[in-house]
Amino acid sequence: PMELDSIRERLSAADAALVDALAARQRLVFEVAQVKAHGTAALRDVSREEDVLTRVTELGRENGLDPFHVTRLFREILGHSLRTQESLLSPGRAAGLSVLRVGYQGSEGAYSYLAGLRHFGTESREVSYRGYDGFEMMLEALEAEEIDRAILPLENSTSGSVTPNYDLLARMSVAIVGEEIQEVDHCLLALEDVPLSKIRRVFSHPVALSQCGRFLSTLSGCEVEAFTDTAMSARRIREDGDKTQAAVASEEAARIHGLVILKRGIADNRENFTRMAIVARRPEPCDLRVPAKTSLVFATRHEEGALLRCLAVLAEHHLSLTKLESRPRPGM
């Protein structure tokens, strides 16, 4: 209908205005970064970020918008602004590379892949991505200089620590040079838009399946089967061509493999995030204005008060400890 075409034209104009506004904001972010590069101002102003979120949320509410949606959108915008400034203030990082090669576990559309797109999205040089079947294989490729960065999940807000990856960091000669917090938004993907009652088998990574347990239990007569990776599960659905099969994966995986999203947000917990470490072969210089963490791996004697004495050093230097993970020592 002509009326619908007219509305869609106005939607397209609104979309173009949004893109223009984002581009104008990004230019201002570059100006801010240039000022900070020649001064001593802190890169991140948490109180200002909270003021911005409060203000835009209230503006959204006044205009009939969902406050949660507005806050989520602007957190992403502010995060991108911070990454842009970090990139401009650390020009010496990975210097001399015309192409930055980034490794991740899985295939395109995996959450590690999405974290890479977010983290390296402000790079001025070309970034290429390689998927690996396993994390150890990926870190071995990093040590062998086949790639320049690796994306390694360390913990999830609902599933806890990825302890095997801590063990890999302790054993291999690599260094953490960055971090990305990736939102995990599980969707149910299928070949066609079929009723949920027609789905007989669901594939995904075991952790993803466990995070969607309540929803999956509502699928009557449906078997749940663990698979290598969320995005690889989506690829299998496309390759099998079976309309009764589905996968739990990201929205991006659906787009890449041409699948239909039967249902979004199927995880048991709405707030689901994974902390990803950005790993390199060796440590890199960091501008002191860039918010950063220091990660340590150390061993103590098996004696009374050994750990307490180690932690006391942090307290004496007024350092905040955000996480402490204990792992067994092989052979001890």
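Given the structure is predicted, the values throughout are model-derived calculations rather than measurements.
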Practice prompt. Under the salt bridge (charged side-chain N to carboxylate O under 4.0 Å, His left out) rule, what do R200 and E225 come out as? Steps first, then yes or no, please.
Written response: CA-CA 11 Å; R200 292 291 173 262; E225 186 172 326; over 6 Å; no

Non-hydrogen side-chain atoms of [X] and [Y] separated by less than 4.5 Å:
X    : Y    : answer
S161 : Y166 : yes
R10  : I7   : yes
R309 : R301 : no
S197 : S220 : no
D51  : R55  : no
L168 : N165 : yes
D148 : R281 : yes
L152 : V174 : no

Worksheet entry | CD/E304: more than 12 non-hydrogen atoms of other groups inside 6.0 Å |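 No, the 6.0 Å shell around CD holds no more than 12 heavy atoms from other groups.
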
Practice prompt. Answer yes or no: does atom CD of E3 have more than 12 heavy-atom neighbours from other residues, nucleotides or ligands under 6.0 Å?
Written response: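 Not buried by this count: 12 neighbours or fewer within 6.0 Å.
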
Would a hydrophobic clustering, with Ile, Leu, Val, Met, Phe, Trp and Tyr connected at side-chain separations under 4.5 Å, put [X] with [Y]?
X    : Y    : answer
V248 : V260 : yes
V32  : L82  : no
V297 : I176 : no
L154 : V279 : yes
V207 : V202 : no

Worksheet item: Would Q211 and S159 count as having a side-chain donor-acceptor pair, cut-off 3.5 Å?
Response: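 Side-chain D/A pair, Q211 to S159: present.
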
Worksheet item: Do R25 and S81 meet the criterion of a side-chain donor-acceptor pair at a distance under 3.5 Å?
Response: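 Yes, S81 and R25 have a side-chain donor paired with an acceptor closer than 3.5 Å.
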
Without swapping roles, check the side chain of [X] against the backbone of [Y] for a donor-acceptor pair under 3.5 Å.
X    : Y    : value
E251 : C187 : no
D229 : A231 : yes
S250 : Y111 : no
T218 : F215 : yes
N156 : F273 : yes
E179 : I278 : no
T71  : F68  : no
D242 : T244 : yes

Please report the interatomic distance [atom1]([X]) to [atom2]([Y]), rounded to the nearest 0.5 Å.
X    : Y    : atom1 : atom2 : value
L259 : Q245 : CG    : CD    : 11.5 Å
I151 : M138 : CD1   : CE    : 8.0 Å
D193 : K198 : CG    : NZ    : 13.5 Å
I237 : S204 : CD1   : OG    : 9.5 Å
R75  : I77  : CZ    : CD1   : 12.5 Å
R130 : Y104 : CZ    : OH    : 11.5 Å

Item to complete: Just do the salt bridge (charged side-chain N to carboxylate O under 4.0 Å, His left out) check on E183 and R118 with the steps written out, would you?
Response: CA-CA 11 Å; E183 182 176 14; R118 284 166 53 85; over 6 Å; no

Are [X] and [Y] ion-paired here, with the side-chain N under 4.0 Å from a carboxylate O?
X    : Y    : value
E58  : R61  : yes
E252 : R255 : yes
E123 : R149 : no

Of the non-hydrogen atoms in [X] and [Y], which two are nearest, and what is the gap between them?
X    : Y    : result
A190 : I199 : CB-CD1, 4.5 Å
D268 : C212 : OD1-C, 3.6 Å
L311 : L324 : CD1-CD2, 4.3 Å
A150 : L142 : CB-CD2, 4.2 Å
G109 : I256 : N-CD1, 3.5 Å
H257 : A234 : CD2-CB, 3.8 Å

Fill in: Steps toward salt bridge (charged side-chain N to carboxylate O under 4.0 Å, His left out) verdict (R327, E325)
CA-CA 7 Å; R327 300 295 300 146; E325 187 78 26; 5.2 Å; no

Item to complete: Check the angle between the aromatic planes of Y113 and Y129 and answer parallel, tilted or perpendicular using the 30° and 60° thresholds.
Response: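 Ring orientation, 0 to 90° scale: perpendicular.
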
Worksheet entry | Reference residue R275; test side-chain contact (heavy atoms from CB on, under 4.5 Å); the match among Q182, E180, E155 |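 Among Q182, E180, E155, the one that satisfies the side-chain contact (heavy atoms from CB on, under 4.5 Å) with R275 is E155.
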
Worksheet item: So L189 and F203, side chain to side chain contact (heavy atoms under 4.5 Å, CB included) or not? Walk me through it.
Response: CA-CA 10 Å; L189 318 180; F203 298 96; over 6 Å; no

Practice prompt. Could you check L73 against V56 for side chain to side chain contact (heavy atoms under 4.5 Å, CB included), going step by step and ending with a plain yes or no?
Written response: CA-CA 10 Å; L73 175 63; V56 297; over 6 Å; no

Item to complete: Sort out for me which residue in R236, K243, R238 forms a salt bridge (charged side-chain N to carboxylate O under 4.0 Å, His left out) with D240.
Response: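 Exactly one candidate clears the test, R236.
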
Practice prompt. Just do the side chain to side chain contact (heavy atoms under 4.5 Å, CB included) check on Q26 and L22 with the steps written out, would you?
Written response: CA-CA 6 Å; Q26 188 69 358; L22 286 173; over 6 Å; no

Fill in: side chain to side chain contact (heavy atoms under 4.5 Å, CB included) between L4 and R8, worked out
CA-CA 6 Å; L4 182 58; R8 284 174 173 167; 3.6 Å; yes

Discussion item. One pair to check against salt bridge (charged side-chain N to carboxylate O under 4.0 Å, His left out): E146 and R101. What are the steps and the verdict?
Written reply: CA-CA 8 Å; E146 295 174 11; R101 302 164 298 175; over 6 Å; no

